[in-house]
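Since the structure comes first, as structure tokens, the remarks are kept for the end.
This structure is a prediction, so every number in the text was calculated from the model and none was measured. The chains referred to below are lettered A, B, ... by the order of the sequence lines, with proteins before strands, and numbering in each begins at 1.
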There are 2 protein chains.
Amino acid sequence: MNPTPMPGRPVRGSTTGRSLMAALDLFGRRWTLRIIWELGNEPLGFRLLQRRCDGMSSSVLQQRLTELQEARLAEVLHDGNYTLTPLGHDARESLGPVIEWSRLWAAELADAPPTAAEGGGDG
Amino acid sequence: MNPTPMPGRPVRGSTTGRSLMAALDLFGRRWTLRIIWELGNEPLGFRLLQRRCDGMSSSVLQQRLTELQEARLAEVLHDGNYTLTPLGHDARESLGPVIEWSRLWAAELADAPPTAAEGGGDG
DNA sequence: CGTGAGTGCTTCGGAATTCGAAGCATTCAT
DNA sequence: ATGAATGCTTCGAATTCCGAAGCACTCACG
């Protein structure tokens, strides 16, 4: 398995923009974005969090939770629940505009539905 | 292969939350975030875009490009280059805060480097 | 015209990731 | 003790990703 993406791991010569690439890599793993989002609403236990994430695979959830802890975005509470660290909350807040955009996206596609040629499957 | 995530058949009256999950799913695919980012800087041809993305697999790039077009985030210019649609640019702009956050992330980890117990691999 | 280099894109076998059912050790209420 | 939760692991199978190779095409050069 690949290591958790970290802003450090300086590429020799220039760390420029590297932290962004690391973030894009971390977030670009299945379920990561979703977990941060769900955890931002409230602290959640393993199994409940799993349910909130459409019943995602427990093995992958465990994997992601470990990565998120390594990256200092998540941590375990005294009661055993998972929660976001202050840094994690910042990350989730940075996702705010993405959320707003998704509404725009939905509206846009409603105005101009995909053509048959573009696929997108039917329903 | 899974279909391109779409905010979904905007059921009249309630597009509730669904569009967010679709967005989180679309963005949570390897390279998608990165491609949007790179394409936001300037229109790029297939092979050049591939190089900008650390030489990612051409087959996956083609896959992502198709998804992005279906989702109306990207399109092909007359000269054949790929570019972001206005909607795609909005998406990329919504990523702005994430970029800022990644700097904070890097700074934070620099102050409190991961312990051996937290793994994170070696460097 | 032929040659070489670059392009967008596809194919396909192997590697890596994800899935998901099953199970284990605990805890808590009955 | 029993039943129902919980956090977390294991492991074989399905899916996704990788990446070298190749095809059809364009363009500059001669």
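- Between the CG atom of B:L61 and the P atom of C:dT11 there is a distance of 16 Å, given to the nearest Å.
- What separates CZ of B:R29 from P of C:dT18 is a distance of 13 Å, to the nearest Å.
- When distances run from any side-chain atom of B:F46 to the nucleotides C:dC19, C:dT11, C:dC9, the shortest one goes to C:dC9.
- Proximity of A:R51 to the phosphate of D:dT6: a side-chain N or O atom is located under 4.0 Å from OP1 or OP2.
- The base of C:dG20 sits with one of its N or O atoms less than 3.5 Å from a complementary donor or acceptor on the side chain of A:S59.
- One finds no side-chain N or O of A:Q63 lying less than 4.0 angstrom from the OP1 or OP2 phosphate oxygen of C:dT17.
- Residue contacts shown for B:R47 include a base, since a base heavy atom lies under 4.0 Å away.
- Applying the 4.0 Å criterion to OP1 and OP2 of C:dG8, one finds that B:Q62 has every side-chain N and O outside that range.
- In this structure, A:L49 places its CG atom 12 Å from C1' of D:dG7, rounding to the nearest Å.
- Toward the 5' end of DNA chain C, the nearer of the two residues A:S58 and A:R64, judged by each one's closest nucleotide, is A:R64.
- For the atom pair CG of B:L84 and CG of B:L39, the computed distance is 5.0 Å after rounding to the nearest 0.5 Å.
- Between A:R30 and D:dT15, a side-chain N or O to OP1/OP2 separation shorter than 4.0 Å is absent.
- Here D:dG7 presents its P atom at 16 Å from CD of A:E75, a figure rounded to the nearest Å.
- Side-chain nitrogen and oxygen atoms of A:N2 include at least one within less than 4.0 Å of the OP1 or OP2 phosphate oxygen of C:dT17.
- Following rounding to the nearest Å, B:N81 (CG) and C:dT7 (P) show an atom-to-atom distance of 11 Å.
- What separates CG of A:D79 from C1' of D:dT6 is a distance of 12 Å, to the nearest Å.
- Atom CG of B:L48 and atom C1' of C:dT7 are 11 Å apart (whole Å).
- Protein atom NE2 of B:H78 is 17 Å distant from nucleotide atom P of C:dG8, rounded to whole Å.
- Atoms CE and CZ, on A:M21 and B:R34 in that order, are 4.5 Å from each other to the nearest 0.5 Å.
- For the pair A:Y82 and D:dC8, the criterion of a side-chain N or O lying under 4.0 Å from OP1 or OP2 is met.
- Between B:T4 and B:E70, the side chains place a donor N or O and an acceptor N or O closer than 3.5 Å (distance only, hydrogens not considered).
- Nearest heavy atoms, A:A71 versus A:L26: CB-CD2, 4.2 Å.
- Panel note: side chain B:Q50, backbone B:M56; a donor-acceptor pair is recorded below 3.5 Å.
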